[in-house]
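A quick write-up on the structure given underneath.
Both backbone and side-chain heavy atoms feed into the values below; hydrogens, waters and symmetry mates do not. If you're wondering where the values come from, they're calculated on a predicted model, not measured in any experiment. Numbered from 1 within each chain, the chains take letters A, B, ... in sequence-line order.
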Amino acid sequence: MSSELEKRFLSLRKQVIEASFGRLNPVQRDAVFTVNGPLLILAGAGSGKTTVLVNRIANLVRYGTAHDSDKIFGTAGEEDVAALEALLKDGGKLTARLASLLSVNAVRPWHVLAITFTNKAAGELKTRLEAMLGSDAQDIAASTFHSACVRILRREAEHLGYPKSFTIYDSDDSLRAMKEVYKQYNIDDKFLPVKSALSAIGRLKDQMVSPAAAAAQASEYRTKLVATAYEGYAKRLFSAGALDFDDLIYQTVLLFQEHPDVLEYYRDRWQYILVDEYQDTSVAQFLLVSLLAGGHNNICVVGDDDQSIYRFRGATIENILSFEQHFPGAKVVRLEQNYRSTTSILDAANRVIKNNVGRKGKTLWTDNGEGDRVCLYRADNEQDEAAHIASVIGQNLKNGAHLRDHAVLYRMNAQSGPIETYFARAGIPYKIVGGHRFFDRKEVKDIISYLSVIANPRDDLRLRRIINEPARKIGAATLDAAAGIAAGLGCGLMEVIAEAQNYPALGRALVPLKNFCAICDDLTAAAQEQPLDELVSTVIDRSGYRQMLEAQGEEGRTRLENLGELVSSVKTYADEKGDEASLEGYLEEVALISDIDGYDEEADTVVMMTMHAAKGLEFDYVFLVGLEEGVFPGEMSRYSDEDLEEERRLCYVGITRAKKELYLSCARTRMIFGQTKRNPESRFLTEIGEGELQVEESPVAAMATTRISAGAARQRETTRQAESFRSFTARSGLTGTAPRPTAAAKRGAGIAFKPGDLVEHKVFGRGTVLKVTPIAGDTIVEIRFDTAGVKKTMANYAPLTLAH
DNA sequence: TATCGTAGTGTTTTT
DNA sequence: CACTACGATA
C-alpha cells in the first residue's frame, strides 16, 4: 500500500470513528479516545460525563485504539477507502471486513467492568450501551461496588470461611446483632450508643482495620469499647454466616489480599475498569479498585470533588485528590462545560462552592444562555413554603410544563411531611423517593426473614425475628435456654430446636418448637418444588402470617396488601431472570436495592427527595427548600469546618440539578422535631448574594397586626393537616400518588372563583379574589382579606363562600 | 407468655 | 413528635 493511500485511509478511519459518536467537545473526545493507562476524568455537574463514559466503553469494545493508531490489521486498498468515504456520507454498509479494518486491539466486552453508585445508574449505563453496541453490551459488567462484591463473594466466600449462601444484613439487622453483643459483653449504651458503635465500626471497615488491629490501636476508653464491640459483632456475624454492607467491600478486599490466585483470576477477567462517582469512594473501595487494576493498569475514574457528599459514610475525598499519586502517569481530563443549566443557575452554584478550600478548583460555564434569575421565597412557615411551591408549580403547568419536570429537594426526609400534606390536599400528584423503604416495613421484613432462614438456617438473628411471629408461644425464656444450649454445643439455634426433645430445658415449649420446625421443614421442601412467587405465598400462608393479619381488621388489610406487593415483586424478579432466578438471588437483590432505584422518571408526577438521593439526576424546575441555619446547613455541621464544607457541596449538588429554573425558599419559623424554631437564613443564601436573586416575601409576614389571629388559625390548620397526613400515609403508603380530595374534605368545591369576586372565609373574614390558578384537580385562590392580608387557599379545601 | 400502657429518648444524609 | 424499651398486669 502506498503511504499516500495509507494516510488517506487513516484519516478517513478517524473521521468514521468520530462520526459514530455524535458531537463531542475536544475535551470529551480526548476522554473517549484515551484507551489505555490510568485516566482521571474530572467531570463538573451536567458536563455530559455519562455520555463520555458510555462512548468511551463503546469505543473500547468497537474500535480499541484505532482512533489514534496508525496500525492497520490487514491491507487496506482503494476500494476500502472508497467504502469508508461512502460510510461517512451515510451511503455505505458496514461490512465485516470494514469493521475489522476499523478496529485495533479492540477490547472484548467481558473484560470491561463499570462500577456505578446505584443500581439505577448501572441499569441506565447498560441500556445506553445496548443501544450503541447491541448484543455485545450483554457481556459488559456494570454494577455497584456492593453488587460486584456480592457476586465475587458468592463464588469465593468459602476462602474466607463463610458459606456461599451468606445472608446480607441491613442496618436494622446490624442494630439487633449489636444489641445482642452489648448484652453478651455487658456494655452500657450510656457510654457508647449502639448506633455510634456501628458507625465507628463501619468507619474502621472502610479503612480496612480488622478487629484485632482496632484493639491494638485503641488507647482511650471509648475506642477500646468500640474494639470490644467490633470483635463481638464480627464473631456473631461470622457464626451466623452473615455479612453487613461494609463487610461486602471489606471481605472482598481481604479475599484479594490473602488469596493472590483468586485476585489473579479477577484481574484477568476485568482488564478494563471504570469507576463512576469516584469522589464518593472509601479507602476500602480504593484498595479494591487498585488491586483489581493492578495487573493491566487500565483504570478510568470519573468524579467531581465538589460533589463529594458521603464523607459521613466513609467516603474520602483524598481518593480523587491524590489519584495522580496513586496511579503514576495518570492522564487528567477536565470537563468544565455544562450542558444542563442556565448561566444564572451556574453562577449561583459557583458562588456557593468557591467558599470551600481544598478542592481541585474548576469553574463551570455554559453557552445555554442567561436564563431567569434564581428565585428566593421567604415563607412565613413550612406550610406557607409548601403553598408557595404548589402555586409556582400551578403557574408552570399553565405555561406548558409537566408535573414530572418538577422536583422538590430537601436536606432531611422529615421535611417532606408538610409539603406532602399540602400536595395531597391540593390534589397534586407526587411521588416521594426514599424515607421508609418498602422493604423496611415490618411485615415485609418478616416474610423476607422467613425466606432467608430457608436459604441460610445458620442465621440466628433472622430466625429469632420470626420464630414467634406470629405468636407461637415461644417466648424469651425458651429462646434464651435454646441459645444457651447452642452456645454450649457450638452450633446454631436451628439445630437445637430441631432436636428439642433431647433437651429437658426446652420441655415446656416442646410442642410449639416442634410445630415451628414442621413449618420450616415444609417451607424448605416448598423451596425445592415451587416457583419463587408461589413459595412466597406458601410462606405467608404456612407461617400463619396471613391468618394473623386477617384477624387485625383495617391495619392488617393494608399490611396484607403490602405482602401482595411483595409477591408481585418476586414474580417480576422471577420473570426477568428466567432460569437464573433463585431464592438467594432475590434476597440479594432486595438487600442491595436503594431508594432511588425505584424512581420512575416517566411517571407524570412531581418528585420529592433528599438532595443526596438527587445526585446524578436533573430536572427543569428545582425547589430547594428549608434554606435556614440549623436545617441546611444542618445543626450537626455547625461546629465543624469539614462538615460545613460537605453541606456546601451538598448545596452545590442541589443547585446544579436544575436545568431551567431554580427556586430557593426559607421559612421564618419552622416546626421541627415537634418544636417551633426561628432559624436565621442559611449562609448559602448570603453566599449567593441577595442581589442575584429574585426575592419574594410571604404576604402574611407583611401584616404584623393580623398575626395573632392568623397564627391561631394556622395552628388549627396544622393539626388538621397532621391528621390528614397520617391517614393518607396509612392508606396509600409513603409513596404513591396523592388521593383525590374526598367529599368530606370539600368545602369551597364546585365554586368557580374569578378575580374580583368578593368572598367570605370562615376564619379570615371578607376578602377579594386576586388571582385564580388551576392546578391538577383543584384551584389555588389568592385572596386579599380585609383584615388578614393576602392568603393563598385551595378552593376545594378552604372554608370559602361567595359573599354578596 | 402476651399485651397494654407509660416513660424516656433521640432525632441527617445511605449502599 | 414518634418510636422503642421496659414494666406491670391478665
Mind checking A:Tyr310 for me? I need base, sugar-phosphate or nothing, with any heavy atom below 4.0 Å counting as a touch. sugar-phosphate
Classify A:Thr478 by what it touches in the nucleic acid, base, sugar-phosphate, or nothing, heavy-atom distance under 4.0 Å. sugar-phosphate
Of the nucleotides B:dT15, B:dT14, B:dT11, which one has an atom closest to the side chain of A:His146? B:dT15
What interatomic distance, in whole Å, is found between P of C:dT4 and the corresponding atom of B:dT13? 16 Å
So what does A:Asn468 touch, heavy atoms closer than 4.0 Å: a base, only the sugar-phosphate, or nothing? sugar-phosphate
Would you check if the distance from the ring center of A:Phe117 to the ring center of A:Tyr310 is below 6.0 Å? yes
Would you classify A:Lys120 as touching base, sugar-phosphate or nothing, given that sugar-phosphate means primed atoms plus P, OP1 and OP2, and contacts are heavy atoms under 4.0 Å? nothing
Separation of A:Leu587 atom CG from B:dT15 atom P, in whole Å? 19 Å
Output the rounded distance in Å from OH (A:Tyr169) to P (B:dT14). 24 Å
When all nucleic acid strands are considered with a 4.0 Å heavy-atom cut-off, which category describes A:Met412: base, sugar-phosphate, or nothing? sugar-phosphate
Please confirm whether the backbone N or O of A:Val194 pairs with a side-chain atom of A:Asp189, one donor and one acceptor, at under 3.5 Å? no
Just by distance, no angles: are the side chains of A:Tyr169 and A:Asp247 close enough, under 3.5 Å, to form a donor-acceptor pair? no
Measure from the side-chain heavy atoms of A:Lys179 and tell me the nearest of C:dA5, B:dT15, B:dT13. C:dA5
Tell me whether the guanidinium CZ or amine NZ of A:Arg203 lies under 6.0 angstrom from the six-membered ring centre of A:Phe312 and within 45° of its axis. no
Picking from B:dT15, B:dA2, B:dT11, which would you name as closest to the side chain of A:Lys195? B:dT11
Which is true for A:Asp170 with a 4.0 Å heavy-atom rule: it touches a base, it touches only sugar-phosphate, or it touches nothing? nothing
When you compare C:dA5 with B:dT12, how far apart are their C1' atoms, in angstrom units rounded to a whole number? 24 Å
Within the 4.0 Å heavy-atom criterion, would you say A:Ala477 contacts the bases, only the backbone, or no part of the nucleic acid? sugar-phosphate
